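As the structure is a computational prediction, the values presented were derived from the model and not from experiment.
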Amino acid sequence: MNSLLDFSPFAKEAGAVLAAFWATIRLSAVTALLCTVLGTVLAAMRVGPVPVLRAAGTFYVNVFRNTPLTLVLALIGLGLSDTLGIKVSHDNGVNVYWLSVFGLSAYTAAFVCEVLRSGINTVPLGQAEAARAIGLTFTQSLRLVILPQAFRSIIAPLGSVMIAMIKNSTVALVVGYAEAAAEMKQMFNDYGATLPIFIGFAVGFMVLTLPTGFLFGRLAKRLAVVR
């Protein structure tokens, strides 16, 4: 019974556990930025007036939304890096970090795109017509009129996407990136798959995700668009 409630592995591996969660934070923070930028570009393509760009954006979103993240990361890690020899850096640690960022960003951007597109659809059509009436181009009206309102209306669902992205970062183990899931696996190998290890890492991820949800919830209330 005592072994089932033994948290001593965390005392022995405290430095490694903290380093692993710091690696998760670094991965999630950069991915959040890149997937938001890419998702915004994809949303602009999907609502834009150019048929080719609309088709390309739709194709991208449909492919990545219906492909498991494990396969996306495996394609990037094994296909691009190992098979084609495409590397960001000669340092393996830096290389697997950026491969994980690119794979997770490409996957999450599809969901950011759909959330943002739903926000764009909430902006009254008259706003876009007024922008065109005063001479703004499509890009200008999107940047100055539509997207600011759309982002304010999707803060809460965007927060849900980011929380899912933080949890999905555990799949970066496929590429070989040593984040929290990799450390948990190593502790399983060293100490066995005990309940305290499960609980400890679950609490660690809650420490990352709960404040994120709280922050996006507060922002959603504060920046809500009154129509």
Taking the side chain as C-beta and beyond, is there a heavy-atom pair between [X] and [Y] under 4.5 Å?
X    : Y    : value
F201 : F21  : yes
T40  : F151 : yes
R117 : V47  : yes

As an exercise, state the distance from [atom1] of [X] to [atom2] of [Y], rounded to the nearest 0.5 Å.
X    : Y    : atom1 : atom2 : value
L210 : F205 : CG    : CZ    : 13.0 Å
I199 : M206 : CD1   : CE    : 11.5 Å
L73  : F102 : CG    : CZ    : 12.5 Å
L75  : L99  : CG    : CG    : 11.0 Å
L53  : L42  : CG    : CG    : 10.5 Å
L142 : L136 : CG    : CG    : 11.0 Å

Following the transitive rule for hydrophobic clusters with a side-chain heavy-atom cut-off under 4.5 Å over Ile, Leu, Val, Met, Phe, Trp and Tyr, establish whether [X] and [Y] coincide in one cluster.
X    : Y    : value
F59  : L38  : yes
V63  : L69  : yes
F64  : L34  : yes
L147 : V161 : yes
L215 : M165 : yes

Can you confirm whether more than 12 heavy atoms, excluding those of R26, are under 6.0 Å from its CZ atom? yes
Measure across [X] and [Y] and return the closest heavy-atom pair with its distance rounded to 0.1 Å.
X    : Y    : value
S141 : A131 : CB-CB, 3.5 Å
F216 : M162 : CZ-CG, 4.1 Å
L116 : A150 : CD1-CB, 4.0 Å
I146 : I120 : CG2-CG2, 3.8 Å
I154 : S118 : CG2-OG, 4.4 Å
Y107 : T67  : CE1-O, 3.2 Å

Closer than 3.5 angstrom, by distance alone: can the side chain of [X] be matched with the main-chain N or O of [Y] as a donor-acceptor pair?
X    : Y    : value
E114 : A110 : no
R132 : F138 : no
S169 : I166 : yes
Q140 : T137 : yes

